[in-house]
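Input: a single structure, listed below in structure tokens.
A note on names: the letters A, B, ... follow the listed sequences, proteins ahead of strands, and every chain is numbered from 1. Fair warning: this is a prediction, and the values are worked out from it, not measured in the lab. Below, each value reflects all heavy atoms present in this structure, side chains not excepted, and no hydrogens, waters or symmetry copies.
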Amino acid sequence: VIPSATDATSEPVGAEPAPAATRAIARAAAGIGLYAAVFGFAFGAVAVASGLNVAQACVLSVAMFTGASQFALVGILGSGGSAAAAVSSALLLGVRNAFYGVPISHALRPRGLRRLWTAQFVIDETTAMVSGQHTAHGRRYAFWTTAIALFATWNAGTLVGAIVGHKINPANLGLDVAAPAIFMALLWPHFSRARSRAIAAVSAVTAFALIPLTPAGVPVLAAAAVAVAAGFAPPATEEETSRR
Amino acid sequence: VSATWTAILVASVGCYGLKLAGVSLPDSLLNHDRVQRIAGLLPVAMLTALVITDLFDTNDHYSTDLPALAGLGAAAVALRLRQSLAVVFLAAVAVTAVIRAAT
């Protein structure tokens, strides 16, 4: 999940990327924006089906603006979990954004007040886009085009989804599988590492076993405990990667 | 203020605080092996658990939702074929919706 730190200092300052590179970034950002519109629609519909109102769904997409945490929060609240379990799950899933801040700070070098608005856009997609760029200008351009496209479409999608969600049953459209499908997509690259596969397997078994025993939300928090426990121990052999 | 609003506001402010900490704290605080390992494993563990509870948990009881499982299977096929997130999303949603409509 953590992209490797970029070395923005090791290149000519102010190097302008070729127009083709700029166009490629804009195209990729537009693609992310399109997917965020549909995924945002699913979030809005699922949030309303989970018992939130339209305003609450929209405030989440504007203020929290990090999809996995949003889906975890509404999922746990909707299945009758406590507010404490819902909030802790959202926060623990948001921890990764703090670590994305390291490569993003290296790439954009936000200073003073700029940090306040740059921070809100430090999420999976912007970090991935920045890590794919090799010039200072390209990184900045990638970050902001992705941030603006994603913020606009994620929030517009949420609003429409929340309004439509009042009139339809999201399950009839299959929208309830949107979140697990996207979570699986986020997990997919990790499955090439033996250690991540092992953590995922232990987490899956732990969460499954706890379903009938604990209130909603606790199986997800128990998985967080699995990650913390595993992370305390150093990897047995340094980064045992699979042979694929 | 309702419990739902409180949860939304507390979690939103907290998530923003985490993002702000990331771009504000000195690297040295976040660049510890153990801290980075835990941070890298947290989403792997929690997203897996969320997929499991989304699929098998209905009000703290086991349940199986075959159309949803089929939808996730379609998503896995799309991922295996290296499709974009939009395709993965649409495959999962469409397969689930079609099976539900047909049964």
Side-chain angles (χ1 to χ4, degrees), chain A residues 1-2 34-35 38 56 59-60 63-64 66 69 72-73 83 86-87 90-102 104-105 110 115 118-120 122 173-175 177-178 180-181 183-188 190 196 199-200 203-204 207-208 211-212 219-220 223-224 226-228 230-231, chain B residues 3-8 10-12 14-16 18-24 27 30-31 33-34 36-57 59-62 67-68 71-72 75-76 79 84-86 88-89 92-97 100-101:
Chain A
V1 176
I2 317 270
L34 196 64
Y35 130 78
V38 188
Q56 290 169 332
V59 165
L60 274 175
M64 189 175 281
T66 178
S69 295
L73 186 93
V87 170
L91 291 177
L92 283 166
L93 276 165
V95 164
R96 73 189 187 291
N97 292 327
F99 289 83
Y100 292 161
V102 175
I104 295 286
S105 308
R115 285 203 184 107
T118 303
Q120 179 67 341
V122 178
L173 295 180
L175 290 175
V177 298
F183 293 161
M184 200 167 68
L186 293 176
L187 286 166
W188 203 259
H190 294 279
S196 297
I199 298 293
S203 303
F208 188 82
I211 285 173
V220 179
V226 168
V228 173
Chain B
T4 304
W5 270 119
T6 308
I8 288 170
V10 170
S12 296
C15 282
Y16 174 72
L18 286 164
K19 294 171 179 172
L20 187 62
V23 295
S24 306
D27 288 3
L30 295 171
N31 268 340
D33 281 356
R34 181 170 291 166
Q36 292 220 340
R37 264 203 313 275
I38 292 172
L41 293 176
L42 267 180
V44 174
M46 295 182 77
L47 293 175
T48 304
L50 280 166
V51 172
I52 294 294
T53 52
D54 278 345
L55 288 177
F56 300 110
D57 185 354
N59 299 323
D60 305 335
H61 292 289
Y62 287 124
L72 272 216
L79 284 164
S84 68
L85 273 181
V88 172
F89 176 101
V93 168
V95 166
T96 305
R100 281 196 186 134

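- Within the 3.5 Å criterion, the main-chain N or O of A:Gln120 finds a donor-acceptor partner in the side chain of B:Lys19.
- A distance of 11.0 Å separates CD1 in B:Ile38 from CG in A:Leu92, rounded to the nearest 0.5 Å.
- Looking only at side-chain heavy atoms (C-beta outward), B:Leu50 and A:Pro180 stay at 4.5 Å or farther from each other.
- Residue A:Leu34: no heavy atom, backbone or side chain, is found under 4.5 Å from chain B.
- Here the closest non-hydrogen pair linking A:Ser203 and B:Ala45 is OG-CB, 3.2 Å.
- Note: A:Leu173 leads A:Leu73, A:Leu173, A:Thr66, A:Val226 in heavy-atom pairs under 4.5 Å with chain B.
- In terms of heavy-atom pairs under 4.5 Å with chain B, the best-connected choice from A:Ile199, A:Val122, A:Asn97, A:Leu187 is A:Leu187.
- When the candidates B:Leu20, B:Leu41, B:Thr4, B:Val88 are compared by the number of heavy-atom contacts under 4.5 Å with chain A, B:Leu41 comes out ahead.
- Heavy atoms only, all atoms of each residue included: B:Pro43 and A:Leu93 are closest at CA-CD2, 4.3 Å.
- For the set B:Val10, B:Leu55, B:Leu18, B:Leu72, the count of heavy-atom pairs under 4.5 angstrom toward chain A peaks at B:Leu18.
- Comparing B:Ser24, B:Gly71, B:Ala101 by heavy-atom pairs within less than 4.5 Å of chain A, the highest count is held by B:Ser24.
- A:Arg96 places no side-chain N or O within 3.5 Å of a backbone atom of B:Leu42 that could act as its donor or acceptor partner.
- For the options B:Val51, B:Val95, B:Asp33, B:Val93, heavy-atom pairs under 4.5 Å to chain A are most numerous at B:Val93.
- B:Tyr62 and A:Phe208 have parallel rings, their planes meeting at less than 30° on a 0 to 90° scale where 60° marks the start of perpendicular.
- Contacts of A:Ala72 with chain B are made by both backbone and side-chain atoms, with heavy-atom separations under 4.5 Å.
- Residues B:Thr48 and A:Ala204 approach most closely at CG2-CB, 3.8 Å, considering heavy atoms.
- Contact detail for B:Ala76 and A:Met184: the closest heavy-atom pair is N-CE, 3.4 Å.
- Proximity to chain A (any heavy atom under 4.5 Å) is restricted, for B:Arg100, to the side chain, taken from C-beta onward.
- Between chain B and the residues A:Ala230, A:Ala63, A:Ala200, the largest count of heavy-atom pairs under 4.5 Å involves A:Ala200.
- Taking each heavy atom of A:Gly231 and B:Arg34 in turn, the nearest pair found is O-CG, 3.8 Å.
- Between B:Ser12 and A:Leu60, the closest heavy-atom pair is OG-CD2, 3.9 Å.
- Looking only at distances, no side-chain donor or acceptor of A:Tyr100 sits under 3.5 Å from a matching main-chain atom of B:Gly22.
- Among B:Val23, B:Thr96, B:Asp57, the residue making the largest number of heavy-atom pairs under 4.5 Å with chain A is B:Val23.
- Counting heavy atoms from C-beta outward, A:Val177 and B:Asp54 have side chains that stay 4.5 Å or more apart.
- Using a 4.5 Å cut-off between heavy atoms, B:Ala68 touches chain A through backbone and side chain atoms alike.
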